[in-house]
Amino acid sequence: MYENYVKVAVRNFRKFKMYSFLNIAGLAIGIMCCLLIMLWIANELGFDRFHTKADRIYRLGTDLTLGGANRRAPMTSPPMALGLIRDYPEVVNAVRITPESSSSVKHGDKQLQIEEVRYADSSIFEVLTFPMISGDPASALLTAHSVVLTEDVARQFFDEEDPVGKILEFDGETNFTVTGVIHNVPQNSHITFDVLCSFETLYAEKRPGMEVWGWLGYYTYLLLAQGSDPKNLERKLPDFVETYSGEKLRAVGGTLELFLQPITSIHLRSNLQSDPGGRGDIVYVYLFSGIAFIILLIACINFINLTTARSATRANEVGMRKTLGASRGKLVGQFLCESIICGLLSVFLASILLPLALPIFNSLAGCELHVNYIRQPWILPGFVGLALFVGFIAGSYPAFFLSSFQPVRALKGRVRTGSSKSRFRSVLVVTQFAISIALIIGTMTVFEQIRFMKNKMLGFDKEHVVVLPNVGDSERLPIHGIRNELARLPGVRNVSASTGIPGRGGMMAPFLPEGFSEDETKMMRMMDIDDRFISTMGMDMVAGRNFSAEFATDSMESAIINETAAREIGWEDPIGKIIRRRVNLRAGQVEWSPRRVVGVVKDFHLASLHIEIEPLFIGNAAHSFNLIAVRIASDNVPTTIAQLKKKWEEIAPGRPFDYYFLDESLEGQYRAEENLGNIALSFSVLAVFLACLGLFGMSSYAVEQRTKEIGVRKVLGASIGGIVQLFSKEFLILVAIANILAWPIAYYVMYRWLENYPYRLHMGLETFFLAGILAICIAMVSVSYQAVKAAKTNPVNAIKYE
Amino acid sequence: MIRTDNLKKVFYTDEVETTALDSVNLEVKEGEFTAIMGPSGCGKSTLLHLLGLLDNPTEGTYLLLGEDVTQYSERRRAQFRKGNIGFVFQSFNLIDELTVFENVELPLLYLGIAGSERKRRVDEILDRMEIMARRNHFPVQLSGGQQQRVAVARAVVAHPKLILADEPTGNLDSTHGDDVMNLLKMLNEGGTTILMVTHSPAYAEFCNRTVHIFDGRLIAENDVNTFHL
């Protein structure tokens, strides 16, 4: 029996090539999108699951309230991990890792800037899964000054040679012995690094804070015993805090809570300060799941529409089969079988399209997804499952619809595919277009918001500023000496040194403004700048003065604050007021070092526009400067860069010349939005395309059905325009209705999305009109093609049709 | 074999009510070859559809093979049609996407007959109908007469007890028409009961008896045997 079904299906596909193509191609595109999004979602959900003990690994977090400020972060102190292993048997192991830092690393005459250097306990290879290529994981990081390289770094320094036992010089001062090489960190790891140095090194070098219980500067990952309940451990943590730091906390009036985060939920669900960048968001996972479903739905709707619209051509067959004794169930089975075959063909086509579309998707979405049909064994059954699912969803309605024909009427060709059934189809077309229009509006809003953020006045001039990060003093010159040398170059307009630069946040610290008591400290961002920073960046002072070399006391006694700080503290005239900066002397001991406010800088965006401008304290302490900003002339930029490089090599021989353009780095802050926008754009284009494909099929069928009517109308004097209007009108009405439905939904969703942004555009009606007009034009094109074709046909041909 | 009492069929379209058949009392015995005649629109085809269980009557009762099938559901009617009734239509109603062989095979498929047995039976009937050479052709590749032969083959392949033919010669020229009538006659002589709607008195003469319908009512009946005596 099934053989018969397959035969009829295949012959029908061949006979009605265009409809079959529309059906299969439409479904294939829908399925491909769905697969792309599913791959992306699988990747997001699969973050950190490659650790073989992932279900038992938890990151320790701290919730610290001190001086009226609260900080919830994954930052912990070195003694915590040791204490937890000692005191709680369910903690079987732990690894401490430092935040990443950048180092200049040298071997022989090769010198490279390594962006992500981390220090980690040797237990990292027991707790986490980073397989080693060479070296012994048990001992690799046991001793101070040992380093494990990732494949890429090893290859850059040593090519194919085995690096184990070789010496690397870090930042021109410390030698590390290479003790192992591991595979590159998988892209779905929230912990990333290029090289791992032994944590022991930090003890050997007597880094500050290693023994201090409250020095929250490290990540701690715990491995719990098999079967132990993390909630249970969490309940014991307050006692742990009390035992080791209860007294000290009470002395400074602070509270500290510890909590655990499963390693597998960090990427999507953690939202803590100091979380490493590039994290995902579970909201986007939901959002894109929704989009995947919607696109598949649009493709299925096409199938339903085309199949039911064309049901009349199958009516005779249905009638005859029933006459010959086919039960309704058998016919439902037959038509479902056909749609499932269609589904299988579409999935097959989609599986060919997928590897072609994947690189495009990767570059748009900024991710690295791979598909390998052989290596990922779930794919084949997954595809078959999807084909069955799609075939069933898309085929059910047509199957029940077609099989419901009464044999006598079907044989007489009196099956009505008009009125109520076409009303159902109209609802489906409206749904498709409403979805498409909503997606267009969403995409346009995302891009407008990005443009808004990129073009917003930031309070400084971001153009033509070259930043040299990680400068520090060189062997030959202190940083202000380097600054002065660079300032002499012809293409350079201005140079400044500082600890911070827009786009690089700045530290958060407690301050005590004049007139406030010690338990009313204010959390403020802080940075140190030289006297040229304000002019180099093109910032404005609104009151008082800038730092100046004329005032020798500025570096230790003066401060500049921003407008927001003045407003939040409540100072109408801040000039001359004292603000104290907190200095930790020893554990538990605090000193408040006074600064006199000499100026107020006009508010500028130190961080991205995702956050509101925060109160800012600006000091003038030269000893901590670590970056240089160079404002260059707008012409001959490459020449100026070459001059800077040449000068740099004179001043700091052997150190890599590392630089970036400020405007480019600031634009990079909105990469997440751009990725989102790009994904939304591609899927809305596809959604619109699918909807048009459906409309095209529907209109060509309508034209086919009404060939005789067209002929008669033409004989009676109808013009081509009149005929086109006749056909386009009803479809355009549907698209217009779709607009009315889509607008409020799109408005609501995008309004909620924009609420995430403190600086956001006002959604104007023009976006909605534009999306609506766009949809109408696209629909018009897909409908009128068929209508024009029909209207141009010689009327005699049309009449002969009967 | 067939017995109807006061069979009535009313069609409702929007606001118009049309009585297609009214008080039809008809009896057909096993082995009979009956012609149904009458002008266009008199209800011949409707009667045939009711007798063939393609539709339910509005009123009256219908006994087929001793069973009251009057108010059977579509599912039960489909079940009953299978293997019991074969149909031949004026417009052949072959399925365009199936070959000659596959079209004829269809009733056997729905009866759930095994593949080898189907092949044997289809080939046998194709042979008998002299269209074996065309078994792998599609309907569009055949002449009208050949198509009707296939339709007849399809109607009889499951050895139904009753064949209903709705103007089987209506779309054929006289040579092909005679051909089909000879086929039906041959089947009837083999014991199959046949009811045939026709406009042609000449073809009605192939039958044992002729039933006349006018405006939905049975008006006269000629028994060929007595009529020709």
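In the text below, chain A, chain B and the rest are named by the order of the sequence lines, each starting its count at 1.
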Interchain contact, [X] with chain A, by part (heavy-atom threshold 4.5 Å):
X       : answer
B:Phe80 : neither
B:Leu54 : both
B:Ser45 : neither

For [X], does the [atom1] atom have more than 12 heavy-atom neighbours from other residues, nucleotides or ligands under 6.0 Å away?
X        : atom1 : answer
B:Tyr72  : OH    : yes
A:Gln725 : CD    : no
A:Lys729 : NZ    : no
A:Phe16  : CZ    : yes
A:Tyr785 : OH    : no
B:Glu30  : CD    : no

So which atom in [X] and which in [Y] form the shortest heavy-atom distance, rounded to 0.1 Å?
X        : Y        : result
B:Phe87  : A:Thr323 : CD1-CG2, 2.9 Å
A:Asn316 : B:Leu94  : OD1-O, 4.4 Å
A:Leu324 : B:Arg154 : CD1-CD, 3.7 Å

Identify which of A:Lys330, A:Lys7, A:Arg328 forms the greatest number of heavy-atom pairs closer than 4.5 Å to chain B.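 Sorted descending by pairs with chain B, the first entry is A:Lys7.
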Between A:Arg14, A:Glu3, A:Lys322, the one whose heavy-atom pairs under 4.5 Å with chain B are most numerous: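 Max contact count across the listed options: A:Lys322.
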Heavy-atom side-chain contact between B:Leu98 and A:Arg11 under 4.5 Å: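 In contact.
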Answer with side chain, backbone, both or neither: which region of A:Arg321 has an atom nearer than 4.5 Å to a non-hydrogen atom of chain B? both
What residue in B:Asn93, B:Asn84, B:Thr99, B:Leu53 has the most heavy-atom pairs under 4.5 Å with chain A? B:Asn93
Quick check for you: to the nearest 0.5 Å, what is the distance between A:Met320 atom CE and B:Leu106 atom CG?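 Nearest 0.5 Å value for the CE-CG distance: 8.5 Å.
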